[in-house]
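One structure is given here, and the rest of the page talks about it.
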Amino acid sequence: MEKKNKYAWVIATISIVAALTAAVTAFLVVREKKKKDDAELEEYLDCSIL
């Protein structure tokens, strides 16, 4: 029983780390996309004014 409990903790820890990594990666990707979209919009507005 002790060995199963140890494996459960290892699997739970790995799962938590994987979930946190996925969340951080998703946040960074969304932030980069927003930056890119804002830059494109600013460029478009600058060009349309001229």
Side-chain angles (χ1 to χ4, degrees):
M1 190 66 112
E2 184 78 28
K3 205 169 194 176
K4 285 185 180 181
N5 196 14
K6 185 178 178 182
Y7 287 134
W9 275 109
V10 170
I11 291 171
T13 304
I14 291 171
S15 299
I16 290 170
V17 169
L20 289 174
T21 303
V24 169
T25 302
F27 172 76
L28 293 175
V29 167
V30 168
R31 193 176 71 171
E32 261 322 291
K33 177 152 176 41
K34 183 173 177 355
K35 260 194 229 178
K36 182 181 174 193
D37 289 347
D38 288 348
E40 287 177 1
L41 177 62
E42 188 175 331
E43 182 180 345
Y44 172 76
L45 292 174
D46 287 345
C47 291
S48 66
I49 291 173
L50 297 175

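What you see is a predicted model, and the numbers here were worked out from it, not measured in a lab. Heavy atoms only: backbone and side chains are in, while hydrogens, waters and symmetry mates are out.
Grouped by direct or indirect side-chain proximity (heavy atoms under 4.5 Å, Ile/Leu/Val/Met/Phe/Trp/Tyr only), L20 sits with I16. With side-chain heavy atoms closer than 4.5 Å counting as contact, directly or through intermediates, I11 stands alone and belongs to no larger hydrophobic cluster.
Applying the salt bridge (charged side-chain N to carboxylate O under 4.0 Å, His left out) rule to E43 yields no partners; only residues at least two apart in sequence or on another chain are considered. The salt bridge (charged side-chain N to carboxylate O under 4.0 Å, His left out) search around K34 returns D38, not counting sequence neighbours. Residues satisfying the side-chain contact (heavy atoms from CB on, under 4.5 Å) test with E40, not counting sequence neighbours, are K36, D37.
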Donor-acceptor contacts, no H, no angles, side chain residues 23-32, under 3.5 Å, sequence neighbours left out:
| unit_1 | atom_1 | unit_2 | atom_2 | d |
| --- | --- | --- | --- | --- |
| T25 | OG1 | T21 | O | 2.8 |

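Within the structure, salt bridge (Lys or Arg N to Asp or Glu O under 4.0 Å) pairs that include any residue of residues 12-30 do not occur (at least two apart or interchain).
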